[in-house]
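Quick one: structure below, then a few questions.
Protein chains get the first letters and strands the later ones, always in sequence-line order, with residue 1 at the start of each. Predicted model only: the values in this text are computed from it and were never measured.
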Amino acid sequence: MPELPEVETVRAGLARRVLGRTVADVEVVHPRSVRRQAGGAQELRGRLRGRMFGAAVRRGKYLWLTVSEPGEEDPPAEAMLAHLGMSGQLLVQEPPGARRRVGELEDLMHPAPVMAVDDHGPVDLTAARSPAVTAESPATTAHLRARITFDDGGQLWFVDQRTFGHLMVVETAPTDDGAPAGRGSDAAVLPAPVAHIARDLLDPALDRPTLVRRTGRRATEINRALLDQSVVSGVGNISADEALWRARLHGARRTELLRPPRLRELYDAATEVMRDALAAGGTSFDALYVDVDGAAGYFARSLNAYGRAGLPCRRCGTPIRREQFMNRGSFSCPRCQRRPPRR
DNA sequence: AAAGGGACCTGGCTGC
DNA sequence: TGCAGCCAGGTCCCTT
């Protein structure tokens with residue numbers, strides 16, 4: 001389930017592998033994957049063919065590649081926006097026998113270390129990285145939703161089992177504050193559909209005092225505020241549970257009753273969760289999430305709350321509980337994270 | 001206006 | 001054994 005760390009891993013991969021490449025053709029296999037594109041598959045294709053990918057930028061769980069005419073001097077005014085939803089992947093396929101690209105060589109020579117933390121402390125899992133799920137595997141080809149072919153024969157595949165994700169080409173507009181739009185960007189422009197998405201916890205331009213103030217002004221449960229992408233972006237169900245566990249807060253605590261120092265602690269905890277997961281290459285539990293080369297992340301091994309119902313809390317040994325929240329599971333320690341009194 | 005709940009989607013798992 | 005039903009969750013949209 002891609003959350004911010006997984007999307008950042010994908011963004012970094014795209015930055016190494018597809019920037020400067022020109023689109024020769026686009027094939028949309030499943031119309032639902034382009035449902036948000038006005039004009040549908042035809043429009044997407046028309047707006048990508050013959051054009052070149054520029055910067056790879058991410059804000060929260062949204063990711064985009066700027067799009068421009070080859071040789072164009074002006075800053076790109078359009079972008080291909082992608083959201084991976086629950087199960088989306090962006091996979092780069094090089095043509096058989098092609099010379100390895102610089103970014104690919106770097107990946108092979110200096111594979112990113114994969115670290116995790118289990119019951120016995122930090123573990124280096126780099127050597128244990130699973131064999132890449134190749135794009136030719138039946139499961140991947142069965143869920144291929146769109147294929148972008150470059151003029152050099154390489155391809156970018158959008159694979160998405162549950163089709164919650166989508167692709168679209170949209171106009172960009174200046175950001176509110178004029179600061180870079182997000183991770184990976186020098187440009188202060190945002191794709192229109194991302195305008196309501198707040199900065200995320202790994203964004204250097206995030207204004208934390210304002211975030212804390214705004215959160216305290218809301219009248220809702222802290223769990224809801226964490227998951228609300230217009231407050232702060234990038235937090236999903238997994239990282240929300242993990243951040244609340246680290247901060248020893250129950251998700252049903254009311255935002256308006258939490259004091260600023262407590263909110264600061266919570267956001268600091270959430271930031272640590274993001275950084276740890278990113279260092280591990282993603283939080284996925286299964287083969288659904290993979291980076292641009294198809295390698296799964298290992299952060300799942302260091303989860304403290306999420307998915308651990310009945311298992312002992314790593315702090316106090318009390319069995320982790322599972323509660324129903326917003327039609328989904330929420331995991332917490334009954335002792336470290338006391339449920340607030342009913343109002 | 002802000003908050004809350006349902007819909008969307010597919011594959012894996014559970015229980016009868 | 002087979003199948004129905006439940007569960008997973010990010011985001012949008014509708015209702016209150």
- Query: To the nearest Å, how far apart are A:Asp241 CG and C:dG10 P?
  - Reply: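 A:Asp241 atom CG is separated from C:dG10 atom P by 10 Å.
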- Task: Using distance alone, with no hydrogens and no angle criterion, decide if A:Thr149 and A:Asp25 have a side-chain donor and acceptor under 3.5 Å apart.
- Result: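 No.
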- Is the distance from OP1 or OP2 of C:dT11 to the nearest side-chain N or O of A:His83 less than 4.0 Å?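 Yes, within the criterion.
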- Query: Using links of under 4.5 Å between side-chain heavy atoms of ILVMFWY residues, direct or through other members, which residues join A:Leu311 in one cluster?
  - Reply: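 Taking Ile, Leu, Val, Met, Phe, Trp and Tyr as members, A:Leu311 stands alone, with no cluster partners.
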- Item | Donor-acceptor pair between A:Arg321 and A:Ser332 side chains, under 3.5 angstrom |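 There is such a pair between these side chains.
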- A:Arg162 CZ - C:dG10 P separation (whole Å):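 Roughly 10 Å, once rounded to whole Å.
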- Would you please confirm or rule out a distance under 4.0 Å between OP1 or OP2 of C:dC12 and any side-chain N or O of A:His166?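 No, outside the criterion.
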- Message: Under 4.0 Å, counting only non-hydrogen atoms across every strand here, what does A:Tyr62 touch: a base, just sugar-phosphate, or nothing?
- Response: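 Sugar-phosphate only.
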- Query: Between A:Trp245 and A:Arg315, is there a cation-pi geometry (under 6.0 Å to ring centre, at most 45° from the normal)?
  - Reply: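 Yes, a cation-pi geometry.
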- Message: Applying the salt bridge (charged side-chain N to carboxylate O under 4.0 Å, His left out) criterion to A:Glu256, which one of A:Arg253, A:Arg254, A:Arg259 satisfies it?
- Response: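 Of A:Arg253, A:Arg254, A:Arg259, salt bridge (charged side-chain N to carboxylate O under 4.0 Å, His left out) with A:Glu256 is met by A:Arg254 alone.
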- Query: Among side-chain atoms of A:Arg328 and A:Asn237, is any donor-acceptor pair under 3.5 angstrom?
  - Reply: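 Absent: no donor and acceptor within the cut-off.
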- Message: Using a 4.0 Å heavy-atom cut-off, does A:Gly165 contact any base of the nucleic acid, only the sugar-phosphate backbone, or nothing at all?
- Response: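 Nothing, no heavy atom under 4.0 Å.
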- Can you tell me how far C1' of C:dC13 sits from NE2 of A:His196, to the nearest Å?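 Spelled out: NE2 on A:His196 to C1' on C:dC13 is 11 Å.
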- In whole angstrom, what separates A:Asp160's CG from B:dT10's C1'?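 After rounding, the gap between these two atoms is 10 Å.
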- Query: Which letters describe nucleotides 3-8 of chain B, given B = protein heavy atom under 4.0 Å from base, S = only from sugar-phosphate, - = neither?
  - Reply: SBBS-B
- Quick one: which of C:dA8, B:dG11, C:dC12 gets closest to the side chain of A:His143?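 That would be B:dG11.
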- Message: Any base atoms under 4.0 Å from A:Arg322, or only sugar-phosphate, or nothing? Heavy atoms, all strands.
- Response: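 The answer is sugar-phosphate, as A:Arg322 gets under 4.0 Å only of primed atoms, P, OP1 or OP2.
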- Task: Would you kindly give the CG-to-C1' distance between A:Leu4 and C:dG10, to the nearest whole Å?
- Result: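 Whole-Å distance recorded here is 13 Å.
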- Rounded to whole angstroms, how far apart are CZ on A:Phe325 and P on C:dG10?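 It is 11 Å, rounded to the nearest whole Å.
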- Is the shortest side-chain N/O distance from A:Gln161 to OP1 or OP2 of B:dC9 below 4.0 Å?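 Answer is no, no contact under 4.0 Å.
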- Please give, in whole Å, the distance from B:dC9 P to A:Leu84 CG?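 Distance check: A:Leu84 CG to B:dC9 P gives 18 Å.
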- Message: Can you see whether A:Ser239 engages A:Glu3 through a side-chain donor-acceptor pair at a distance of less than 3.5 angstrom?
- Response: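 There is such a pair (donor and acceptor under 3.5 Å, judged by atom type) between the side chains of A:Ser239 and A:Glu3.
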- Length of the line joining A:Leu226:CG and C:dT11:P, which is rounded to integer Å: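 Atom-to-atom, A:Leu226 to C:dT11, this comes out as 14 Å.
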